[in-house]
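Here the structure comes first, spelled out in structure tokens, and everything after it is commentary.
Model, not experiment: these values are computed from the prediction. Chain letters run A, B, ... following the sequence lines, proteins first and then strands; every chain starts at 1. Atom set for the values below is all heavy atoms of this structure, side chains included, hydrogens, waters and symmetry mates excluded.
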Number of protein chains: 2
Amino acid sequence: MAVTLKQIADKVGVHPSTVSRVLTGRHENFSVGEALRARILDAAKEMNYVPNELARGLRLQKSHTIGIVVPDILNPLYAGLVRSIEKENINERYSFLICNTDEDQEKEIKHIEMLRNKRMDGLLIVPVQKKMDHIKALWAENYPFVLILRRFEKLTTNAVVMENAQDAYKAVEHLIKLGHRRIGFVRGRRTSYEIQGRERGYRSALAAYHIAVDPRCIVGDGCSADDGYAAAKELIKQSNMPSALLVSENVIIVGVLEALFEAGLSIPYDVSVVSFADMTFSPFFSTPLTTISMPIDQIGKESMQILLKQMASPEIHLGRIKTLSGNFIIRKSTHKAFGS
Amino acid sequence: MAVTLKQIADKVGVHPSTVSRVLTGRHENFSVGEALRARILDAAKEMNYVPNELARGLRLQKSHTIGIVVPDILNPLYAGLVRSIEKENINERYSFLICNTDEDQEKEIKHIEMLRNKRMDGLLIVPVQKKMDHIKALWAENYPFVLILRRFEKLTTNAVVMENAQDAYKAVEHLIKLGHRRIGFVRGRRTSYEIQGRERGYRSALAAYHIAVDPRCIVGDGCSADDGYAAAKELIKQSNMPSALLVSENVIIVGVLEALFEAGLSIPYDVSVVSFADMTFSPFFSTPLTTISMPIDQIGKESMQILLKQMASPEIHLGRIKTLSGNFIIRKSTHKAFGS
DNA sequence: TTGAAAGCGGTACCAG
DNA sequence: CTGGTACCGCTTTCAA
């Protein structure tokens with residue numbers, strides 16, 4: 001169906017290799033005579049030539065495509081990440097094949113397998129982090145990749161992550177300084193790197209201010225709005241419900257707000273709320289949310305830069321780990337505790 | 001670097017074609033002896049064979065990849081669309097290469113060119129709609145594609161679109177029945193299909209109730225939050241500002257709300273607002289928004305189904321145009337007009 | 001400056 | 001049931 005080099009060659013009356021030389025333009029105007037060059041260019045345009053990247057890729061051993069594996073592109077955090085990665089794609093040399101895992105380990109494994117089959121030149125992965133063999137395999141085979149937001153402690157792969165413990169510490173400290181003593185932690189998926197860091201920060205802030213950790217204050221294990229809803233419900237029904245909440249992830253905040261609203265609790269007067277959240281709309285909520293916001297653009301930029309460097313020399317493990325800090329933004333959802 | 005069929009063949013001591021037969025598993029257990037079959041499978045696993053889809057693709061003339069072109073994956077409307085498309089990808093036969101146009105016609109043209117170079121098996125496109133030659137070209141060459149949300153009146157390509165005029169009509173009628181007479185229309189990009197339809201609906205609803213259209217009530221031409229902000233500002237500074245607003249697109253509503261908020265106008269008491277919007281968070285806004293919501297899942301599903309059908313027989317133009325209706329959801333941002 | 005030929009990694013058809 | 005071969009479309013090295 002599609003026009004090939006050979007067809008152009010036949011039409012112009014030259015050998016396919018000559019056409020190739022002209023069309024790839026690698027050797028500029030040197031290797032092929034000017035007149036012939038023009039004739040070939042004309043013929044290609046006239047015949048609507050569409051170069052076959054599959055064939056080029058096979059020959060050159062590169063697909064000019066980068067695979068991106070994220071939990072869910074519907075989450076603005078990951079959508080933003082993808083866009084910022086794209087911005088670092090100088091000269092539009094690469095395109096991006098995007099996969100969603102929904103935090104399902106088996107999906108991730110399948111997707112990465114597929115991305116390898118399709119010979120992605122590099123991989124950008126927010127890993128599910130339940131298994132790591134498939135990541136280790138990439139590592140062992142010098143397959144260029146960068147982990148984003150989550151990394152494996154035991155593996156010095158390229159990674160761009162957040163100062164999760166520190167970020168959470170700051171948020172909890174803010175609440176403590178407002179006089180809160182009983183502070184709830186609405187946890188996301190326990191197995192994931194960010195959440196573990198944030199829980200550490202939560203605990204160490206309490207410890208620093210000599211507040212005992214009540215295990216009943218730590219609820220939840222999931223990253224959907226529904227999980228947040230259920231977790232908040234659990235806190236609400238407790239006899240001495242926390243006067244302040246740290247919500248550990250983006251999307252679950254929606255469920256938390258819903259539960260609080262349903263229970264007739266007002267923010268911040270009945271309960272103060274701080275959330276790890278990155279939503280354009282945070283300022284428009286009935287109570288604008290105090291949040292720890294992530295430098296998404298920078299995360300994407302760093303990840304892509306490291307990946308490009310790694311792809312340039314796959315045999316040398318960069319082992320580059322970049323750690324970034326969140327930005328604590330005080331809005332209206334936190335308030336002094338009563339009686340303090 | 002990577003293991004090839006031939007290497008497996010050498011190791012097992014058979015011909016590559018035999019290995020191919022086993023590994024593709026197309027002919028099931030027939031064509032190759034059970035013992036040999038097992039030995040090949042073992043060897044492949046042991047050697048960590050990763051089939052080369054570039055080579056397969058070249059040979060089979062298909063990439064097993066579908067190109068998706070959307071304005072902006074950060075817009076939850078398009079992110080949702082992508083996820084719903086994915087859901088229709090039965091057996092995970094395809095992966096998706098996603099491109100953002102930012103409503104830039106040249107970017108779209110470049111992206112589609114690249115998608116053709118990479119030999120996408122099919123294309124799903126939300127077109128920018130300033131030029132159509134490149135779309136016509138796809139059409140002329142029987143390249144399978146489906147347009148989503150926007151179509152060209154003059155081209156009977158496959159498309160899944162909304163009943164924009166009718167949807168807008170309903171919204172405006174709702175406002176009129178609440179007693180509003182001066183109703184503003186915050187328009188998105190004038191050139192795009194949805195917006196044109198929605199403007200038609202706006203105008204015909206006013207006409208049906210014998211209300212003259214004041215051109216000063218129609219503002220804006222762009223799809224960003226900033227555009228919405230500017231457009232709303234323009235309305236606000238008018239001497240007799242509309243008592244109700246129809247906002248024609250998803251993201252601009254954010255700017256509109258900001259402008260109203262800044263001007264100290266309360267919704268719905270100072271001004272009623274209806275928006276075309278699809279955001280998980282609409283219910284959480286300080287005033288939950290009355291919206292026309294789109295059946296995103298169905299749009300994605302239909303688009304993908306039509307595309308799959310079209311890919312099955314590229315030479316026959318399906319010319320299938322599916323039109324869906326929005327869902328009018330009354331929340332709290334609309335109120336009776338004063339003095340009515 | 002241009003042509004010829006080999007090969008990237010697979011698949012499929014035709015023999016045997 | 002297995003082997004041999006040609007070819008998918010393009011790039012590149014070597015000759016001429």
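- For Arg39(A), the salt bridge (charged side-chain N to carboxylate O under 4.0 Å, His left out) criterion is met by no residue, not counting sequence neighbours.
- Leu58(A) has its CG atom 9 Å from the P atom of dG10(C), to the nearest Å.
- Between His64(A) atom NE2 and dT11(D) atom P there is a gap of 9 Å when expressed in whole angstrom units.
- Atom NZ of Lys6(B) and atom P of dT11(C) are 16 Å apart (whole Å).
- When the salt bridge (charged side-chain N to carboxylate O under 4.0 Å, His left out) test is applied to Asp10(B), the partners found at least two apart in sequence or on another chain are Lys6(B).
- Rounding to whole angstrom units, CD1 of residue Ile40(A) and C1' of dC10(D) are separated by 15 Å.
- Ring pair Trp139(A)/His317(A) is perpendicular by interplanar angle, where above 60° counts as perpendicular and below 30° as parallel.
- Using a 4.0 Å heavy-atom distance criterion, Leu54(B) is classed as making no nucleic acid contact.
- Distance CZ (Arg21(B)) to P (dA12(C)): 11 Å, rounded to an integer number of Å.
- Between atom CG of residue Leu123(A) and atom CG of residue Leu97(A) there is a gap of 10.0 Å, rounded to the nearest 0.5 Å.
- For a distance-only test at 3.5 Å, the side chain of Arg59(B) qualifies as a donor-acceptor partner of the base of dC7(D).
- Listed candidates were dG9(D), dT2(D), dG10(C). Nearest to the side chain of Asn52(A) is dG9(D).
- If you check distances only, the side chain of Arg119(A) never reaches the base of dG9(C) with a donor-acceptor pair under 3.5 Å.
- Rounding to whole angstrom units, CE of residue Met47(B) and P of dG9(C) are separated by 13 Å.
- For the helix from dT1(C)-dA16(D) to dG16(C)-dC1(D), the axis fitted to the five pairs at one end and the axis fitted to the five pairs at the other end meet at an angle of 40° (nearest 10 degrees).
- As judged by a 4.0 angstrom heavy-atom cut-off over every strand, Thr4(A) is placed among residues touching the sugar-phosphate backbone only.
- Comparing atom distances between the His15(A) side chain and each of dT11(D), dA4(C), dG9(C) picks out dA4(C) as nearest.
- For dG9(D), the OP1/OP2 oxygens have no side-chain nitrogen or oxygen of Arg56(A) closer than 4.0 Å.
- Atom pair Lys62(B):NZ and dG10(C):P shows a separation of 18 Å (rounding to whole Å applied).
- Phosphate proximity of dT11(C) to Ser20(B): present, with a side-chain N or O under 4.0 Å from OP1 or OP2.
- Screening residues 71-80 of chain B for salt bridge (charged side-chain N to carboxylate O under 4.0 Å, His left out), with sequence neighbours left out, gives Arg83(A)-Asp72(B).
- Lys107(B) NZ: more than 12 foreign heavy atoms inside a 6.0 Å radius.
- Here the side chain of Ser17(B) is nearest to one of dG9(D), dG10(C), dG4(D), namely dG4(D).
- Applying the 4.0 Å criterion to OP1 and OP2 of dC7(D), one finds that Gln61(B) has every side-chain N and O outside that range.
- Comparing dT2(C), dG9(C), dT11(D) by their nearest atom to the side chain of Ala55(B) picks out dG9(C).
- With sequence neighbours excluded, the residues that form a salt bridge (charged side-chain N to carboxylate O under 4.0 Å, His left out) with Glu106(B) are Lys131(B).
- Rounded to a whole Å, the CG atom of Leu5(B) is 10 Å from the P atom of dG9(C).
- Pairs engaging residues 297-314 of chain B under the salt bridge (charged side-chain N to carboxylate O under 4.0 Å, His left out) rule: Lys87(B)-Asp297(B), Glu302(B)-Lys322(B) [sequence neighbours left out].
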